[in-house]
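All values below come from the heavy atoms of this structure, side chains included, with hydrogens, waters and symmetry mates left out.
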Amino acid sequence: MGSPENILFDEAVKKKFKTEFTTKLARRSFFNFNYFEIEEPSYQNISELLKAEIAMEDKARELNEKYKKEFEDLALEQIKKVGVPLEVDKETRELVILYKKYNAEKAALVNRQYPITQLVIMHLYWKALKLAGALALIKNKDSIGVTEYKEAITFTELLNEDMKNFEMELVKDPYELFVGFCQTILQDNKCFIDTHTLKKMGYITSTSNTNSKLKDLASLASSYDPTGVYKVTDTGIEYTKLIKTSDAGVSYVEVSGSKDDRKIACSKNFNYAIVEFKTLARMLAKDFAYSPFKFKNGARNKANIEGGIKWIALDIDDSLYTDYQMHEILQDYNHHIARTSNPNNPYKFRILLELDSIVDLGDKEYKSFIKSIADYLGLKVDLLPKSQIYFSYSGREVLSVTDKYPLDTKDHIMIAYDKSYNPSSTEVIEKYTSKQKKALIDDPLNTFSYAFEAPEGKGSVSLYRAAKHAKDLGMNKEEVITLIRDINSYWERPMDITRLENTLVKQIEEWSF
C-alpha cells in the first residue's frame with residue numbers, strides 16, 4: 001500500500017512492475033488503484049479536531065483487538081484440520097467454469113495496448129476461488145459452496161476496473177507522464193524540474209541537442225495539458241498552473257484636472273480591491289487613475305508590483321474601427337470600452353478585456369503577451385510596461401459585455417515565453433513579395449483557416465481578423481467582402497446575415513483601399 005508515483009514515473013521501477021505483474025502477480029493478487037482524493041473533514045476549533053482524531057484512534061484500536069481475537073480463535077480451530085483437504089462443491093465447480101468462460105470472452109475485448117489488464121481479467125475466476133476458500137475457512141466449513149464463490153466474485157468485480165485504470169497511466173507517453181508528475185510536485189501552483197532529473201526519469205534522452213528536446217517536451221506537454229503552461233529555461237522546465245477565478249483585482253486612486261495634474265496625483269496612495277469584472281465599468285465612467293496590478297503599500301513603481309492580473313487594458317490611439325465597431329467585434333468576449341482624453345474621437349479609446357485565468361509574467365514577457373493578444377484581435381496597441389497606469393474620465397459612455405466569455409490566455413502566455421515571437425501579422429505581410437501575397441490569396445482555406453475553422457464563440461473576432469488580413473494582403477474591397485461572406489457561409493452556425501451586412505460588411509465598404 002503506497003503512492004503509485006515510483007511505478008508511474010521511474011522507468012526502471014515501471015519495467016520491473018510490468019515484468020512481475022505479467023509473470024506472477026496478475027494471476028495471484030488483487031490490485032487496487034484508487035486515484036480519488038479523500039476530502040479532509042473540517043472542524044470548528046482545535047478541541048473538535050482532537051476529539052475526532054482520538055475517537056478515530058480508539059475505534060481503530062478496538063477493531064484491531066477484536067479481529068486479533070477472531071483470527072486467533074480461527075487459527076486454533078483450523079490447526080486441528082491441518083492435512084484435511086477443503087472440498088469444492090459440484091455447483092461451485094460449475095460456477096467456476098462459467099465465470100472462467102465469461103472472463104475469457106471479456107478479456108478478448110480488451111485493447112491489446114493493455115496486456116496486464118487482459119491477464120488480470122482472464123484469471124479472476126482463479127483468484128475468486130482462492131478467496132472463496134478463505135471465506136469457507138472463516139465460516140469453519142468443510143467445503144467451498146456457491147455462496148462463498150458468489151461472495152468472492154462480488155469482491156473481484158469490485159476491483160476489476162482498477163488494473164485497466166492503472167495501465168492506462170502506465171502506457172502513457174513520456175510527455176503525458178511528465179504532465180502527471182508535475183501535478184504531484186506542485187507548490188503554490190508552480191514547480192520546476194531540472195534537466196538532470198528529466199534525463200534520469202526518462203522524459204528526455206541523454207543525447208545531444210538537449211535544448212531542442214526540452215522545447216519538444218514542453219510543447220507536447222502544453223498541448224496535452226489544458227490547465228497549465230510549460231516554460232523552457234536554461235536549466236530545465238518550469239510549470240505554472242493556470243488559476244481560474246471570477247475575481248478581478250484593481251488598483252485605483254481618484255484624480256482630476258489635466259493630464260499633468262493627474263500624473264502628479266498618481267504616484268502613491270493607490271487602493272487595491274477585489275471586484276467582479278463588470279464593476280470596472282463604474283470606474284471607467286468617473287475620474288480615476290487605475291491599473292490591473294497591485295502596488296505594494298499603494299506606491300506605484302516597477303519594483304512594487306505584486307502578483308498577477310485577471311484583466312488587461314489596451315490603449316488604442318489610431319484604430320481602423322470606431323469604439324462602437326470594436327464593441328461589436330468583441331461581442332463574444334467580456335469587455336469594457338471607453339474613450340480616453342478626447343471624448344469626440346471615436347478612433348481613440350481604451351479596451352478592458354477580461355482574462356480566463358490569473359496571468360503573472362515578467363515585464364518583457366508581459367509586453368509579448370499584450371502583443372500576442374493585440375495581433376490576435378487585429379489591433380495596433382501601445383506596448384506599455386506593467387507599471388503603466390491609465391486614466392478614466394467622468395461623463396464617458398462605457399460600452400460593455402459581461403455575460404459572455406473571458407479571453408483564453410494559455411496560447412498567448414506560451415507565445416510570450418517564446419523568444420522567437422516577432423512581429424505582428426501586418427509587419428510580416430509587408431515583407432511578402434507580390435508573388436507570395438498572390439499565393440496566399442489563391443489558397444483562402446489555408447491562409448484564413450483560423451476564420452474558416454473558428455470555434456464557436458470566436459467567430460466575430462475571426463471574421464474581423466480575416467477582413468483586415470485580406471486587405472493587408474492586397475485584396476480589393478469586393479474581394480474582401482466576398483471572402484467574409486464565404487467564411488460565414490462555411491460555418492455550421494453562421495452569423496445572422498442582417499447582422500453581418502449591417503456591421504462588418506458596412507464597415508469594409510467605408511474602408512479606403
Given side chains that start at C-beta, do those of Tyr376 and Asp411 come closer than 4.5 Å, heavy atoms only?
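Not in contact.
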
Below 4.5 Å, heavy atoms only, C-beta onward: do Ile121 and Lys164 meet side chain to side chain?
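No - every pair of side-chain heavy atoms lies 4.5 Å or more apart.
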
On a heavy-atom basis, which atom in Ala451 and which in Ala466 lie closest, and how many Å separate them?
CB-CB, 4.0 Å

Heavy-atom closest contact (Tyr203 atom, Pro174 atom, distance)
CD2-O, 3.4 Å

Tell me if the OH atom of Tyr67 is crowded by more than 12 foreign heavy atoms within 6.0 Å.
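At most 12 heavy atoms, drawn from other residues, nucleotides or ligands, come within 6.0 Å of this atom.
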
Axial cation check for Phe277 ring with Lys310, 6.0 Å and 45° limits:
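No cation-pi geometry.
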
Does Ile7 form a side chain to side chain contact (heavy atoms under 4.5 Å, CB included) with Glu169? I'd like the steps, not just the answer.
CA-CA 10 Å; Ile7 300 174; Glu169 299 293 318; over 6 Å; no

Counting only N and O atoms by type, is there a donor-acceptor contact under 3.5 Å from the side chain of Ser222 to the main-chain atoms of Ala218?
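Flag set: sc Ser222 to bb Ala218 pair under 3.5 Å.
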
Quick check against the 3.5 Å criterion: does Ser372 have a side-chain atom that pairs as donor or acceptor with the backbone of Ile415?
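Absent.
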
Are any of the side-chain nitrogens in Lys51 or Glu48 under 4.0 Å away from the carboxylate oxygens of its partner?
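No, Lys51 and Glu48 are not salt-bridged.
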
Lys90 and Glu94 ion-paired at < 4.0 Å
yes

Using the side-chain hydrogen bond (donor to acceptor under 3.5 Å, both in side chains) rule, pick out the option among Trp126, Tyr125, Tyr99 that qualifies with Thr156.
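Passing option: Tyr99.
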
Tyr490 ring center near Phe448 ring center (under 6.0 Å)
no

Taking the six-membered ring for Trp, are Phe17 and Phe166 ring centroids under 6.0 Å apart?
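Yes, close enough.
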
